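See below for the structure under consideration.
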Amino acid sequence: MNCKEAQELITALVDDELSASELASIESHLRECVKCQFAHRQERALKTAVRTAGSAVSSPGDLREKILSGLGRPGKGKALNEPQGPGWLSQLAFRPALAFALLLLLLLPVVYLMRSEPAPIALSALKSHERMVAGSLSYTREENPEKLKIQLARSVDGRFGPMGYDLSMMGLRPVGGAVQEVAGRKIIVALYEGTAPSLTCYTFLGTERDVPKGAALFADPEKKINFYTFSHQGVNGVMHREGELICILVSEMPLPELLAVARSKAQPS
Amino acid sequence: MTYLDHLYRMAFHLAKQQEEAHDMVQETYVRALGAYHQFTPGTNMKAWLTKILYNFFFDRFHEKKRWVLVEGKFGEDEEQPDYWERVPAENPGPESQLLLKERSAKIADALRNIPEEFRAPILLVDMGDFSYAEAAEILACPVGTVRSRLSRGRRLLYRRLKGYLDAPKKGSTEE
Ligand SMILES: [Zn+2]
């Protein structure tokens with residue numbers, strides 16, 4: 001390999017994008033070429049400088065407001081009588097939760113979490129949701145929310161109770177519940193059904209360590225609550241903490257919508 | 001960092017004027033909402049949004065054909081020239097805010113002056129933290145093209161910054 005051929009490999013080395021064989025060949029060239037060693041160091045320095053320059057730019061404060069107000073007005077910049085293309089605006093008008101959630105998704109800070117420990121409860125919640133909805137997992141039928149609440153709390157010896165969210169605005173009502181045990185911990189599950197995709201609400205004593213690997217974190221500055229979202233095979237979960245309780249909402253409804261539900265119901269601890 | 005900050009950063013460095021950057025980001029959100037059904041939950045939303053932004057930039061501000069072949073035009077290609085030489089080593093030590101600001105402005109300026117086909121991969125990979133594959137998806141070009149443009153682009157950028165990056169920094173200390 002000559003130095004000219006090495007150039008692109010050095011670039012990819014800086015970006016950690018080399019295949020094993022490329023890595024071996026550039027490393028062997030670098031071992032004997034001082035000039036390319038130097039070029040490598042300098043390219044790394046340049047990348048760092050560019051990255052730093054990037055972080056010096058952040059969005060102007062009024063841009064967020066401009067976007068939000070712009071989204072509220074149908075057909076911004078177009079003639080008012082112009083028909084709306086895919087009709088998404090009118091669709092959104094009927095689904096304020098979705099519109100709101102999209103804004104959240106687009107505007108809230110998001111961090112993808114890397115965790116090495118498994119989070120058995122979150123994963124089992126996603127799995128048990130489907131069985132619950134399909135009726136293959138037995139649960140107590142109780143359509144009176146207050147009675148259901150009392151029953152479920154009683155079955156964990158009153159140590160905690162279900163979240164008892166009122167989701168009637170979504171067209172969902174509690175139809176029953178169960179207590180599950182995962183990794184030695186009791187979990188209260190409440191099942192909601194109605195006109196929207198069924199939803200299960202998992203409540204248990206826990207911490208943010210129960211967030212599963214690869215979850216996305218939405219740090220909500222207004223509510224001062226962290227929401228964690230995760231999905232598996234079309235089933236979505238949104239987790240948050242209220243005091244010593246962890247709540248996971250699980251549903252097949254789109255993640256933004258589910259996030260909006262969680263956000264509208266969550267109480268800062 | 002929010003998607004908004006990220007998108008604004010990309011727009012800021014792609015666009016010629018701040019006004020344009022505002023428009024690009026606003027339009028990106030409008031388009032993202034309009035196309036939301038095309039987004040697959042669990043996939044990379046940052047890349048998805050960035051692609052929308054880039055496509056808008058491309059449609060609206062880019063007069064030339066995408067990925068025009070300009071190899072050679074900018075390749076005053078020296079045999080492994082001295083283009084990296086005298087760039088400071090990494091970890092230049094603490095810099096004053098002012099110096100950092102000045103330096104960032106200088107780099108932004110240099111970036112703006114290199115052709116877009118070289119600038120975009122640098123923005124995506126170095127500032128946006130995208131992998132080559134993600135950058136290729138956003139730019140609708142092969143991964144190998146991302147790599148070669150990056151390599152070329154960084155050298156063009158360096159040339160623009162030559163004599164600046166290696167200016168002695170006051171108060172800089174080695175770690
Ligand atoms: Zn060499």
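Bear in mind the structure is a predicted one, so any value in this text is a computation, not a measurement.
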> Just one of A:Asp15, A:Thr11, A:Asp16 clears the side chain to side chain donor-acceptor pair (under 3.5 Å) bar with B:Tyr132, so which one?
Replying inline: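 Between B:Tyr132 and the candidates, side chain to side chain donor-acceptor pair (under 3.5 Å) is satisfied uniquely by A:Asp15.
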> Taking every heavy-atom pair that is under 4.5 Å apart, which of A:Gly234, A:Ala56, A:Ser55 has the most such pairs with chain B?
Replying inline: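 Most pairs with chain B among the choices: A:Ser55.
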Do you know which two heavy atoms are closest between [X] and [Y], and how far apart they sit?
{"X": "B:Arg9", "Y": "A:Gly54", "value": "NE-O, 2.7 Å"}
{"X": "B:Ser151", "Y": "A:Gln7", "value": "OG-O, 3.6 Å"}
{"X": "B:Ser104", "Y": "A:Ala53", "value": "OG-CA, 3.4 Å"}

>> Less than 4.5 Å apart, side chain to side chain, heavy atoms only: is that true for A:Val50 and B:Arg154?
In response: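 No; the side chains remain at least 4.5 Å from each other.
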> Is there side-chain contact between A:Val57 and B:His13, with at least one heavy-atom pair below 4.5 Å?
Replying inline: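 They are in contact (side-chain heavy atoms under 4.5 Å apart), so the answer is yes.
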> Sequence neighbours excluded, which residues qualify as side-chain contact (heavy atoms from CB on, under 4.5 Å) partners of A:Val133?
Replying inline: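 A:Val133: side-chain contact (heavy atoms from CB on, under 4.5 Å) contacts with A:His129, A:Leu191, A:Ser198.
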> side-chain contact (heavy atoms from CB on, under 4.5 Å) with B:Ala11: which residues, sequence neighbours excluded?
Replying inline: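 So B:Ala11 forms a side-chain contact (heavy atoms from CB on, under 4.5 Å) with B:Ala21, B:Met24, B:Val25, B:Leu53.
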> Where does B:Thr28 contact chain A at under 4.5 Å (heavy atoms): side chain, backbone, both or neither?
Replying inline: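 Neither part.
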As an exercise, state the distance from [atom1] of [X] to [atom2] of [Y], rounded to the nearest 0.5 Å.
{"X": "A:Glu8", "Y": "B:Arg149", "atom1": "CD", "atom2": "CZ", "value": "11.0 Å"}
{"X": "A:Leu63", "Y": "B:Asp5", "atom1": "CG", "atom2": "CG", "value": "9.5 Å"}
{"X": "B:Leu150", "Y": "A:Glu43", "atom1": "CG", "atom2": "CD", "value": "8.0 Å"}
{"X": "A:Leu46", "Y": "B:Arg155", "atom1": "CG", "atom2": "CZ", "value": "11.5 Å"}

> Is a donor on one side and an acceptor on the other found under 3.5 Å between the side chain of B:Asp126 and the backbone of A:Arg51?
Replying inline: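 Looks like no, no N/O pair under 3.5 Å.
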